[in-house]
Amino acid sequence: MRMKKKADMWMGVSIAILLIYGLFMMYPLFRMLAQSIFDNKTGEVTLRYFRQFFEDNYYLSTLFNSFKVSICATALTLLFGVPLAYIYNLYEIKGRNFLQIMIILCSMSAPFIGAYSWVLLLGRAGLITKLMKVLFGIKMPSIYGFGGILLVLSTKLFPLVFLYVSGALKNVDNSLLEASANMGCKGVKRFFKVVIPLCMPSIMAAGLMVFMRSLADFGTPLMIGEGYRTFPVEIYKQYVGEAGTNYNFAAAISVVAVVITAVIFLIQKYASNRFSFTMNALHPIERKKPKKVAGILMHLYCYGMVALSIMPQVYLIYCSFRNTSKTGNMFKEGYSLMSYQQVFETMGDAIFNTIRICGGALIIIVIMAILISYLVVRRRNLVNGIIDTLSMVPYIIPGSVIGIALVMGFGKEPLALTGTAWIIIIAMCIRRMPYTIRSSVAILQQIPMTVEEASASLGSSKFQTFYKVTVPMMFNGVIAGAIMSWVTLITELSSSIILYSSQTITLNLGVYIMVQRGTDGKACAVSTILTLFTVLSLLLFMRVSKDKEIAL
């Protein structure tokens, strides 16, 4: 009878989590689907909103443009990120920890902040644009349009490829590389013949991640796209209604976005399963000191890539200390802390909201991730299998679509959450939880079941074993994952920009608002504060992490 109660307790946890997913994720998505197929005036089922999208070349061109940007960005990030990970993990590079922090920083800020940084350098009145014209009479190519979007996304997302491939290389046994060297396969030949095939599942996963991020990103094309229209921007514009709101059409486009990303995800998953294999590095890769000329070229490549990516962010930090007018709209000669003073005077609530909203979301994510990972790994059954599947659904849904779905689901009574901090917290939890759950599952799978069995044999209940033995053993890994989740939470924009109100503006939203108002000084200052948060978070992660290195 006692064992039945214990089993019922964990089944109760499973049902509670299933209900949470049903209420806060599936219900809004079904409301969005209903909005896309029902005519508001007649109440009849119709597909005219979908026909409107596929029959109009204007809307189809946005989809084509998004695919073009995503494919090109994926190709470039793989081209630059894979060799970077190879050099970093197989050779001794001076300043490894510093280099790694810089690589991560390149990707941790929101892409639209990266776009804004490049505008400060290469925009019509940008620093490099002016210098090249004055010094050499050269007119720089426009940062606006396809080329600018591709530049921003490539320099922001290549670190994801670096992290994924670095994680794969940690599982490569050094004896494989030694055997290939004994057979005369060295250098570039070894890279293409041995390393690339061994890392192919991770390379494909990295490519999927970059493609999905590029396809879902709307901050960058919104900032510098100008006439180059992309799919996510069109969803946003249909919802906010610059030329009149059309919620039904916005819902239909959102459904199209979900279907497209789901198909891409399933194709990648099929390919990964078909070509996947397991590796266990009994003898981890031993880094070698490169030869003199090769070493110089490797260092130039690694630090050159980082310099190109981090340069706009450094210039943005520099601009935050420049004198500005009282309104913050114009930079003046000299330096001061005026921009920071203006930020703390006018946006103090944004700093508090960032800590309150992102911190609240982080607590919920950690608790849910621990519970779900335990249910998925230790208590496998039909209900927990459904939870595992549902936990991956947000992985394929763009942030703007989640924002629109939540507004449609919770915009009216009896559960009206629109405009509150809770709806942003829900959106952040939905978007970021899959990554924390995956990392928690991986950690739990490494903990031997015999440890929990020993605890049970000493008289501890399943639940006591869970919170007194299992959770403490997961602690370091969970904390490390939580820190990385925190970094992504404070840079969240795509769903928050649809859900925020004047009372729930965070720092990241504050940057967007300042940029739109043309207050460059304050925008640079807020971006710098976000960068400081990111740096501190990464340093804390490296202190908590056992191997001091970040990999996916």
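Partners of Phe24 under the ring pair (Phe, Tyr, Trp, His ring centres under 6.0 Å) rule, at least two apart in sequence or in another chain, are Phe410. The side chain to side chain donor-acceptor pair (under 3.5 Å) search around Arg51 returns none, not counting sequence neighbours. Scanning for side chain to side chain donor-acceptor pair (under 3.5 Å) contacts around Ser336 gives Asn323, with sequence neighbours left out.
Between Tyr301 and Ile87, the closest heavy-atom pair is CD2-CD1, 3.9 Å. Closest of all the heavy-atom pairs between Leu150 and Ala73 is CD1-N, 3.4 Å.
Judged as a salt bridge (Lys or Arg N to Asp or Glu O under 4.0 Å), the pairs with a partner in residues 105-131 (not counting sequence neighbours) are, in order, Arg124-Glu226. A side-chain hydrogen bond (donor to acceptor under 3.5 Å, both in side chains) check over residues 21-31, counting only residues at least two apart or in different chains, returns the pairs Tyr27-Arg31.
Contact check for Ile264 versus Phe211: side-chain heavy atoms found under the 4.5 Å cut-off.
Ring to ring, Phe146 and Tyr228 are close: their centroids are under 6.0 angstrom apart.
Under the 3.5 Å distance criterion, the side-chain polar atoms of Ser309 are left unmatched by any main-chain donor or acceptor of Val306. Between the Ser70 side chain and the Ser66 main chain, a donor and an acceptor come within less than 3.5 Å of each other. The main-chain N or O of Ser154 is never found under 3.5 Å from a side-chain atom of Thr77 such that the two would form a donor-acceptor pair. Not a single donor-acceptor pair under 3.5 Å links the side chain of Thr528 to the backbone N or O of Ser320.
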Exercise answer: donor-acceptor pairs, residues 248-260 side-chain atoms, under 3.5 Å, sequence neighbours excluded:
residue	atom	partner	partner atom	Å
Asn248	OD1	Asn40	ND2	2.9
Asn248	ND2	Gln35	O	2.8
Asn248	ND2	Phe38	O	3.0
Ser254	OG	Ala250	O	2.8

